[in-house]
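These figures come from a predicted structure and were not determined experimentally. Order of appearance sets the numbers: ligands from 1, and atoms from 1 within every ligand. Position 1 is the first residue of the sequence, and the numbers go up from there.
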Amino acid sequence: VSAPKTSAAGPLRVELGARSYDILVGAGLLGEAGALMAPLLPSPRVAIVTDETVARLHLATLEASLTRARIGHESIAFAPGEATKEFGALAALLDALLEAKVERSTTILALGGGVVGDLAGFAASIALRGLPFIQLPTTLLAQVDSAVGGKTGINTRQGKNLVGSFYQPRLVLADIATLATLPRRELLAGYAEVVKYGLIRDADFFAWLEANGERLIAGDESLRRQAVLKSCAIKAAIVAADERESGERALLNLGHTFGHALEAETGFGPELLHGEAVALGMIMAFDLSVLLGLCPPEDAARARRHLAAMGLPTDLAHLPGRRFDPAALLDHMSRDKKVRDGKMIFVLARGIGRGIVADAVEPAQLRALLDRAVAA
Ligand SMILES: NC(=O)c1ccc[n+]([C@@H]2O[C@H](COP(=O)([O-])OP(=O)(O)OC[C@H]3O[C@@H](n4cnc5c(N)ncnc54)[C@H](O)[C@@H]3O)[C@@H](O)[C@H]2O)c1
Ligand SMILES: [Zn+2]
């Protein structure tokens, strides 16, 4: 297992032995997708899974490139949004695939954001006990996070992502040009995950984001490409070292335990997007790190300053009219998947670029932090 190459030109490789794969990042890749994936397909047939919004904007480009490469294709589009990541849609998708008589050699393509990627990946992992799978992420969040690393799944009544599988794609094609149609709010939410990589692992990348974040969000494709590549490189290295999250992969959850609690309270809907919740959660994690004497206050202030400058929420006052109850937030946090032997696993930081996994946070300290955050 070696670290991924981070050359600006070549593809990035996720090193997972027999399950290794390339991540290609560039503008216009969707138009070349057929030719790029052809060598990897066991047979020239694919089934595209997407959502209706992405289908309207980007499906024709993908289909044309598949046709040019003589790859047979059909597609199924779901309603956009988190509500699609559930048993009903999974059943409908499996039903459609089996009705279409997919074979073991038919490749599933996920064209869309994390919702489509997680749903399609899960279906690919169980249909006929596993079909080849390729990710074509079209949100910034999916390009830097959900399309890489092999976690798939759906939500249930009991919570998010509680049913799923580890199932790696054969290829990830991140077409930066698709981000041009993404609403700014969604783009910013994905940017929070980009910042996460700097905060947990790479102070230089964080400084680069401080310098370039604004132009990146404004539309600079070269900066977007560099940020996606760097984010994927950091995630790929962490996943290669710990595919099934027995240790350091937990670093990727910086801000997520707090964030999930906030999302649960706001209903996982448009009031608070996942990336926005992660931005808030990362600041809470830094504040807790300061409270525990682990992190210099200047570093927490700097993290907050950058997220705020980009237009991301950094304190709960961002949600006007919403009063959070610290006890309710604590309750959600204790139900999180990241609880081990009854102890909450927290990602904290010794500073910018220095994330750590901690499991000995005293409930009283956590409560103090939540009381303060809610009062802000
Ligand atoms: N598997 C993982 O490791 C992992 C990691 C992080 C997040 N996730 C999951 O990802 C999901 C969130 O992903 P997301 O933020 O991409 O959400 P999403 O898939 O719901 O996409 C967000 C919105 O953007 C629209 N959209 C997508 N691409 C577009 C484009 N190019 N132009 C215009 N609109 C576009 C979609 O239709 C949707 O309305 C959550 O379910 C989360 O649990 C998974
Ligand atoms: Zn996330």
Side-chain angles (χ1 to χ4, degrees), residues 27 30 49-59 61-62 77-86 89 110-122 125 133 135-155 159-169 172 174-197 200 224 231-232 235-236 238-239 243-245 249 251-260 262-264 268-270 272-282 337-338 347:
L30 224 45
V49 183
T50 187
D51 75 33
E52 283 150 12
T53 303
V54 177
R56 187 163 42 76
L57 295 164
H58 301 293
L59 182 58
T61 309
L62 174 60
F78 289 89
E82 189 70 30
T84 279
K85 240 177 77 172
E86 50 85 53
L111 175 71
V115 164
V116 161
D118 282 10
L119 176 72
F122 188 32
S125 76
F133 176 50
Q135 290 269 19
L136 303 157
T138 64
T139 64
L140 183 56
L141 183 132
Q143 294 185 352
V144 300
D145 195 352
S146 60
V148 175
K151 282 191 187 176
T152 80
I154 56 171
N155 309 322
K160 284 244 304 173
N161 301 324
L162 292 179
V163 172
S165 60
F166 285 98
Y167 196 64
Q168 301 292 345
V172 179
D175 185 346
I176 295 299
T178 61
L179 302 180
T181 58
L182 193 65
R184 182 185 165 87
R185 189 176 170 204
E186 294 286 352
L187 193 67
L188 272 177
Y191 184 79
E193 303 275 8
V194 175
V195 173
K196 178 185 78 181
Y197 294 111
I200 57 173
R224 286 180 179 187
S231 299
C232 288
K235 179 155 186 183
I238 291 175
V239 168
E243 186 181 10
R244 288 181 170 246
E245 196 166 318
R249 185 166 179 165
L251 283 179
L252 298 172
N253 299 323
L254 175 69
H256 282 63
T257 304
F258 289 114
H260 277 162
L262 298 171
E263 284 183 278
F268 294 101
L272 188 64
L273 300 182
H274 173 73
E276 295 169 343
V278 168
L280 286 163
M282 291 193 298
K337 272 204 293 325
K338 278 86 200 177
V347 185

- Begin from the C-alpha positions of Thr138 and Val116 and carry the test side-chain contact (heavy atoms from CB on, under 4.5 Å) through to its verdict. CA-CA 10 Å; Thr138 64; Val116 161; over 6 Å; no
- Message: When you compare the side chain of His274 with that of His260, does any pair of heavy atoms fall below 4.5 Å?
- Response: yes
- Query: Can you tell me which residue and heavy atom of the protein come closest to atom 6 (C) of ligand 1, and the distance to 0.1 Å?
  - Reply: Asp145 OD2, 3.5 Å
- Message: Which option wins on minimum heavy-atom distance to atom 2 (C) of ligand 1: Pro183, Ser146, Gly113?
- Response: Ser146
- Query: Below 4.5 Å, heavy atoms only, C-beta onward: do Leu280 and Leu272 meet side chain to side chain?
  - Reply: yes
- Give a yes-or-no answer on whether the side chains of Thr181 and His58 include a donor-acceptor pair shorter than 3.5 Å. yes
- Query: Where on Lys85 is there a heavy atom closer than 4.0 Å to ligand 1, on the side chain, on the backbone, on both, or on neither?
  - Reply: side chain
- Under 4.5 Å between any side-chain heavy atoms of Leu111 and Leu30, yes or no? yes
- Message: Between Thr139 and Glu186, is the side-chain contact (heavy atoms from CB on, under 4.5 Å) condition met? List the steps.
- Response: CA-CA 8 Å; Thr139 64; Glu186 294 286 352; 5.6 Å; no
- Which bit of Thr53 gets closer than 4.0 Å to ligand 1, counting heavy atoms only: side chain, backbone, both or neither? side chain
- Side-chain contact test, heavy atoms from C-beta onward, threshold under 4.5 Å: evaluate it for Gln143 versus Glu193 and give yes or no. no
- Query: Closest to the Zn ion (ligand 2), which N/O/S atom of His256 is it?
  - Reply: NE2
- Message: Check this for me: Arg184, atom CZ, are more than 12 non-hydrogen atoms of other residues, nucleotides or ligands nearer than 6.0 Å?
- Response: no
- What residue and heavy atom of the protein are closest to atom 10 (O) of ligand 1, and at what distance? Gly114 CA, 3.3 Å
- Message: For atom 33 (C) of ligand 1, what's the nearest protein heavy-atom neighbour? Residue, atom name and distance, please.
- Response: Thr181 O, 3.1 Å
- Item | Residue part near ligand 1, for Glu82, under 4.0 Å between non-hydrogen atoms | side chain
- Task: Show which atoms of ligand 1 fall inside a sub-4.0 Å distance from at least one heavy-atom site of His58.
- Result: 31 (N)
- Where ligand 1 meets Lys235 - atom numbers and elements under 4.0 angstrom, heavy-atom basis: 3 (O)
- Name the closest protein heavy atom to atom 28 (N) of ligand 1, giving the residue it belongs to and the distance to 0.1 Å. Thr138 OG1, 2.7 Å
- Can you check whether Pro80 reaches Val115 side chain to side chain, under 4.5 Å on heavy atoms? no
- Nearest neighbour in protein (non-hydrogen) for atom 9 (C) of ligand 1: Asp118 OD2, 3.4 Å
- Message: Is the shortest side-chain heavy-atom distance between Leu136 and Leu62 below 4.5 Å?
- Response: yes
- Message: Quick check on the Zn ion (ligand 2): does Glu193 put an N/O/S atom closer than 2.8 Å to it?
- Response: yes
- Message: Polar contacts were defined as any N/O atom of the residue lying under 3.5 Å from an N/O atom of the ligand; does this apply to Asp51 and ligand 1?
- Response: yes
- So which of Thr178, Asp175, Thr139 gets nearest to atom 27 (C) of ligand 1, if we judge by its closest heavy atom? Thr139
- Query: Are any side-chain N or O atoms of Lys235 and backbone N or O atoms of Val144, one a donor and one an acceptor, separated by less than 3.5 Å?
  - Reply: no
- Number the atoms of ligand 1 from 1 as they appear, then name those within less than 4.0 Å of a heavy atom of Lys160, with their elements. 40 (C), 41 (O), 42 (C), 43 (O)
- Please report which non-hydrogen protein atom sits nearest to atom 18 (P) of ligand 1, along with the residue it belongs to and the distance in Å to one decimal place. Val115 CG2, 3.9 Å
- Query: Do Thr152 and ligand 1 have an N or O pair less than 3.5 Å apart?
  - Reply: no
- Note on the structure: Quick note on ligand 1: atoms under 4.0 Å from a heavy atom of Glu186 include exactly 22 (C), 23 (C)
- Atoms in ligand 1 with a heavy atom of Pro80 nearer than 4.0 Å: 37 (O), 39 (O)
- Task: Could you check atom 35 (C) of ligand 1 against the protein and tell me its nearest heavy-atom contact, residue, atom and distance included?
- Result: Leu182 CD1, 3.5 Å
- If you measure from each non-hydrogen atom of Asn161 to ligand 1, which part falls under 4.0 Å: side chain, backbone, both or neither? side chain
- Of all the atoms in ligand 1, which lie at a distance below 4.0 Å from a heavy atom belonging to Val54? 26 (N), 27 (C), 28 (N), 29 (C)
- Query: If only atom types and distance count, is the side chain of Asp118 paired as donor or acceptor with the main-chain N or O of Thr152 below 3.5 Å?
  - Reply: no
- Message: Is the shortest side-chain heavy-atom distance between Lys151 and Arg249 below 4.5 Å?
- Response: yes
- Query: Should Thr84 and Asp51 count as side-chain neighbours, where that means a heavy-atom distance under 4.5 Å?
  - Reply: no
- Query: Taking non-hydrogen atoms only, is Leu179 closer than 4.0 angstrom to ligand 1 via side chain, backbone, both or neither?
  - Reply: neither
- Which atoms of ligand 1 are found less than 4.0 Å from any heavy atom of Leu141? 7 (C), 10 (O), 12 (C), 13 (O), 14 (P), 15 (O)
- Task: Drop me the distance from Leu140's CG to Ile176's CD1, to the nearest 0.5 angstrom.
- Result: 7.5 Å
- Provide the number and element of each atom of ligand 1 under 4.0 Å from a heavy atom of Leu57. 32 (N), 33 (C)
